[in-house]
Amino acid sequence: MSPRLFCRLSCVLAVILMLAACGSTSKLHTESSQHRRDIRDFPRVEVLDFAVSATSDARGDEKQAKYLAQVAEAAVTFADLIAEQLRERGAHDEVSREALEGPALRVTGTITRFEQGNVVARMVTGFIGQAHFEAEVVVSDNSDGRILGTFKVDRNSWPLPIGASSNALQNTGTFMSGAAKRIGTELASARGK
């Protein structure tokens with residue numbers, strides 16, 4: 001292998017590592033093929049803010065208040081990102097961030113873990129200060145609450161060698177964005193688009 005080719009392959013691998021993160025966003029899980037067919041029948045979708053069950057080890061009222069504000073913002077941001085991805089794919093006639101009148105697919109869920117971590121600690125040690133984002137996403141019928149499908153989001157920053165600059169790029173924002181893309185793609189596919 002020529003040095004030039006080796007250098008190019010190394011650069012490609014470095015970019016992939018910078019954009020990647022440990023963990024995953026599952027495919028759309030449905031209990032039956034009928035539930036998947038039911039998802040296809042909804043031309044409208046509402047994406048509601050997420051609930052939060054995530055907690056923090058932060059000590060002190062000020063740190064706890066800061067954490068609660070961050071995770072409350074994430075509950076709205078994650079829903080915004082999912083709605084944006086659904087609109088981009090154009091599989092639904094209407095995508096709303098508010099509850100809709102009449103039949104619609106509802107997408108919401110719970111953020112179960114949210115840790116922004118510490119970028120400096122990750123850069124220095126490679127593993128201390130990891131970022132984590134975990135959520136359970138529920139797809140249901142808005143009229144009767146019947147669950148039609150779910151997604152499991154479990155993302156965290158990679159423990160990389162000391163000084164690895166890709167650690168700085170792995171954060172809750174990129175994790176939410178990546179999960180929203182997967183959810184948008186899966187729901188568009190379920191609609192047959």
Side-chain angles (χ1 to χ4, degrees), residues 15-29 39 45-58 63-92 95-99 105-123 127-140 147-160 164-191:
V15 168
I16 290 170
L17 283 174
M18 285 192 305
L19 298 177
C22 230
S24 66
T25 300
S26 71
K27 290 185 175 186
L28 174 63
H29 174 74
I39 289 171
V45 62
E46 60 187 35
V47 183
L48 305 182
D49 291 351
F50 278 67
V52 175
S53 67
T55 59
S56 170
D57 295 340
K63 287 183 181 179
Q64 195 62 244
K66 181 179 178 183
Y67 174 80
L68 292 174
Q70 289 170 342
V71 76
E73 182 180 340
V76 174
T77 300
F78 190 39
D80 286 342
L81 290 168
I82 293 170
E84 179 182 311
Q85 290 299 319
L86 290 170
R87 285 186 191 108
E88 279 185 21
R89 280 153 183 77
H92 297 87
V95 178
S96 174
R97 281 288 284 118
E98 303 291 329
L105 194 65
R106 176 175 289 162
V107 179
T108 191
T110 305
I111 295 175
T112 57
R113 187 171 183 188
F114 183 86
E115 297 174 23
Q116 290 189 325
N118 185 308
V119 174
V120 175
R122 285 197 305 271
M123 293 291 292
F127 57 91
I128 293 174
Q130 284 186 294
H132 295 268
F133 180 75
E134 296 176 13
E136 295 171 3
V137 181
V138 178
V139 180
S140 61
I147 295 175
L148 302 174
T150 58
F151 294 92
K152 175 82 172 145
V153 180
D154 180 1
R155 308 291 304 267
N156 59 70
S157 56
W158 283 29
L160 294 173
S165 61
S166 62
N167 273 343
L169 298 177
Q170 297 175 354
N171 59 50
T172 54
T174 58
F175 299 157
M176 287 190 288
S177 182
K181 286 179 184 176
R182 176 65 176 264
I183 292 164
T185 298
E186 290 284 321
L187 289 177
S189 177
R191 277 278 293 157

Distance (rounded to the nearest 0.5 Å) between [X] [atom1] and [Y] [atom2]:
X   : Y    : atom1 : atom2 : value
H29 : E186 : NE2   : CD    : 12.5 Å
E84 : L86  : CD    : CG    : 10.0 Å
D49 : E98  : CG    : CD    : 8.0 Å

Non-hydrogen atoms of [X] and [Y] that approach each other most closely:
X   : Y    : value
F78 : A180 : CE1-N, 4.1 Å
L81 : S177 : CD1-N, 3.9 Å
A83 : R97  : CB-CD, 3.7 Å

Test item: [X] and [Y] side chains (from C-beta on) under 4.5 Å apart, heavy atoms:
X    : Y    : value
E136 : T150 : no
R182 : V153 : no
V45  : L187 : no
Q70  : T172 : no
M176 : I82  : no
F50  : T110 : no
I111 : F133 : yes
F151 : V107 : no

Is [X] reaching over with its side chain to a backbone N or O of [Y], donor-acceptor style, under 3.5 angstrom?
X    : Y    : result
R87  : V95  : yes
T112 : S53  : no
Y67  : F114 : yes
T185 : K181 : yes

Next on the checklist: Using a 6.0 Å cut-off, check whether atom NZ of K152 has over 12 heavy atoms from anything other than its own residue.
Outcome noted: yes

Item to check | Residues, nucleotides or ligands: over 12 heavy atoms within 6.0 Å of Q64 CD | outcome: yes

Checklist entry - What do the steps show when you test L105 against R191 for side-chain contact (heavy atoms from CB on, under 4.5 Å), and what is the final call? => result CA-CA 11 Å; L105 194 65; R191 277 278 293 157; over 6 Å; no

Item to check | Verdict with reasoning, R106 to L48, per side-chain contact (heavy atoms from CB on, under 4.5 Å) | outcome: CA-CA 7 Å; R106 176 175 289 162; L48 305 182; 3.4 Å; yes

Checklist entry - Quick one: salt bridge (Lys or Arg N to Asp or Glu O under 4.0 Å) partners of R89, sequence neighbours excluded? => result none

